[in-house]
Amino acid sequence: MNELTGKNILIGVTGGIAAYKVVEVVSRLKKLGAEVRVVMTRAAAEFVAPRTFQEITKNPVSVEMFAGTVNFHVEHIALANFADVLLIAPATANFLAKAAHGIADDLLTTIVLATTAPMMVAPSMNTRMLEHPATQANLKILENRGVKIIDAEIGLLACGTSGKGRLSEPENICAEIVKFFAPKILEGKKILVTAGGTIEPIDPVRFIGNRSSGKMGYEIAKAAQIYGAEVILISGNAAVDAPDNVKFVKVETAEQMRAAVLAEYETVDAVIMSAAVSDYRVKNVAAQKIKKSNETLTLELVKNPDILKELGQHKSHQLLVGFAAETENVIEYARGKIAEKNLDFIVANDVSQEGAGFSVDTNIASLINRAGDVENLPKMSKAELAERIIRRVAESI
């Protein structure tokens, strides 16, 4: 997946301890196909050697305003013109102050004034420095000027305290850049995604559940949001954090998920049902914890509503996408679900395969349309598969 092929990204690294994390940012961007150049302040070069970025980018790294140039005649202008986007990470309080007030006293701040490229800044500093009225005012000035602020995170800081000020994780920074360049093929569309596993109580302590981590559904929600959709994520039990900028609805049981989905169904353009919904629930849930007594325990189970089938029966304008997690006869069972549940296409996978089951970051899937045509996909990350699914949705609505 090379979402950034042909894109030129200029990264400005300023003098904070979090500069080491930008090495991973650069590496990730290169893997996504971007052409990357790095400009460092003198202070940044005290934390990470310029050669580190040079080896990763395969490009010279610029530090000094008046140093000899390798590829450029007027370096700050050439670098400013190179950029499709300018990312500053980490952005120190000192840099934010200079950028907000147009001070250009080194190579990086001169480029900031010279470029017409969109700019992103990822602040990183001590909590008190971040919360200082001057820093907050500078961030507001930049935001009002159209600069994208990639917010700092809460956690343990280099000074030994804990609070807001950690540089956003490399994965999140790269996601913001991918989102910026992504074609808004779902703009104006409303997508509902279900994810995670539902759980059915036995008593106040125990429940019947499944192995779903929610990773696949959460990646689908992220991808839909990146491509411009308004996203509703209805999630059962999950082992990952909800993505930003989506409407998030947390449920536990299959009946709760059904109610949440039906409440939104008429307003959406597509539904992607990736949740692992429990097929059965306990008929009589104990009001108190069941005590160990006999060697065996018998539970009477009753069938849960088939949410996907119900959606198919009441489908009007919606595109309906299902999932088939099987351990045998995968394509045959998936084709049967398409007909039975009135689906537009289905994502089928054999969860017994290595790299395709629950709680892993990869998947091996087949996309099957209403006509029964099968597109077998190789092993890929769940993020890549999510993009494939969302692009198929965009082509169909």
Side-chain angles (χ1 to χ4, degrees), residues 1-13 21-40 52-62 70-72 77-89 111 115-122 147-148 150 168-187 189 216 218-229 231 243-245 347 355 361-365 367 375-396:
M1 181 172 59
N2 294 316
E3 300 102 316
L4 299 179
T5 298
K7 305 302 181 185
N8 296 330
I9 300 172
L10 182 62
I11 298 182
V13 185
K21 294 172 74 173
V22 185
V23 176
E24 184 179 347
V25 173
V26 172
S27 178
R28 284 173 175 264
L29 293 175
K30 289 291 292 181
K31 290 174 183 177
L32 290 169
E35 179 71 10
V36 182
R37 295 185 185 273
V38 174
V39 177
M40 303 178 72
T52 302
F53 289 113
Q54 182 174 309
E55 291 299 321
I56 296 172
T57 64
K58 308 305 179 187
N59 285 315
V61 173
S62 302
V70 177
N71 294 322
F72 304 114
I77 299 300
L79 285 167
N81 290 339
F82 160 81
D84 291 321
V85 68
L86 170 59
L87 166 69
I88 311 297
I111 290 169
T115 191
T116 58
M119 188 165 85
M120 301 180 179
V121 298
V147 175
K148 168 68 178 178
I150 303 175
S168 183
E169 291 302 313
E171 179 181 359
N172 298 333
I173 293 173
C174 292
E176 288 293 339
I177 293 176
V178 170
K179 179 180 175 181
F180 172 78
F181 286 112
K184 299 301 182 278
I185 52 179
L186 286 175
E187 193 164 18
K189 302 298 184 181
M216 189 70 249
Y218 279 46
E219 290 294 346
I220 292 170
K222 287 180 189 177
Q225 199 268 336
I226 285 171
Y227 284 105
V231 180
D244 295 330
N245 302 315
V347 183
D361 294 325
T362 58
N363 212 336
I364 306 169
L367 305 184
E375 180 185 2
N376 292 315
L377 300 177
K379 182 178 177 180
M380 61 181 64
S381 70
K382 287 181 175 177
E384 284 184 276
L385 179 57
E387 187 199 16
R388 295 285 191 104
I389 294 167
I390 288 301
R391 285 186 174 274
R392 177 72 70 92
V393 168
E395 292 168 0
S396 305

Kindly determine whether Leu4 and Leu29 satisfy side chain to side chain contact (heavy atoms under 4.5 Å, CB included), including the steps that lead there. CA-CA 8 Å; Leu4 299 179; Leu29 293 175; 3.6 Å; yes
Out of curiosity, [X] [atom1] to [Y] [atom2], how far, rounded to the nearest 0.5 Å?
X	Y	atom1	atom2	value
Glu375	Arg388	CD	CZ	6.0 Å
Ile390	Glu219	CD1	CD	11.0 Å
Leu86	Met120	CG	CE	10.0 Å
Lys148	Glu176	NZ	CD	4.0 Å
Leu385	Asn363	CG	CG	5.5 Å
Leu32	Phe181	CG	CZ	11.5 Å

So, using side-chain contact (heavy atoms from CB on, under 4.5 Å) as the criterion, who are the partners of [X] when residues are at least two apart?
X	answer
Thr362	Val360, Lys379
Asn8	Glu35, Phe82, Asp84
Asn245	Lys179, Gln225

Determine whether a donor-acceptor pair (N or O, by modelled atom type, separation under 3.5 Å) exists between the side chain of [X] and the backbone of [Y].
X	Y	value
Asn59	Val36	yes
Lys58	Ile56	no
Ser396	Arg392	yes

Would you check if [X] and [Y] make a side-chain contact, meaning some heavy-atom pair closer than 4.5 Å?
X	Y	answer
Asp361	Ser381	no
Ile11	Phe53	no
Leu10	Leu87	no
Pro60	Arg37	yes
Glu169	Lys21	yes

Does Arg391 form a salt bridge (Lys or Arg N to Asp or Glu O under 4.0 Å) with Glu395? I'd like the steps, not just the answer. CA-CA 6 Å; Arg391 285 186 174 274; Glu395 292 168 0; over 6 Å; no
Pair Val347, Leu367 - check side chain to side chain contact (heavy atoms under 4.5 Å, CB included), show working. CA-CA 5 Å; Val347 183; Leu367 305 184; 3.7 Å; yes
Check [X] against [Y] and note the closest heavy-atom contact, atom names and distance.
X	Y	answer
Tyr227	Pro183	CD2-O, 3.0 Å
Ala182	Ile226	CB-CG2, 3.4 Å
Ala34	Ile9	CB-CD1, 3.7 Å
Leu79	Ser62	CD1-OG, 3.8 Å
Ala386	Met216	N-CE, 3.6 Å

Should the pair Arg28-Glu24 be classified as a salt bridge under the 4.0 Å nitrogen-to-oxygen rule?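 The answer is yes: the pair qualifies as a salt bridge.
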Would one find more than 12 heavy atoms of other residues, nucleotides or ligands at under 6.0 Å from atom CD of Gln54?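 Atom CD in Gln54 is packed in, count exceeds 12.
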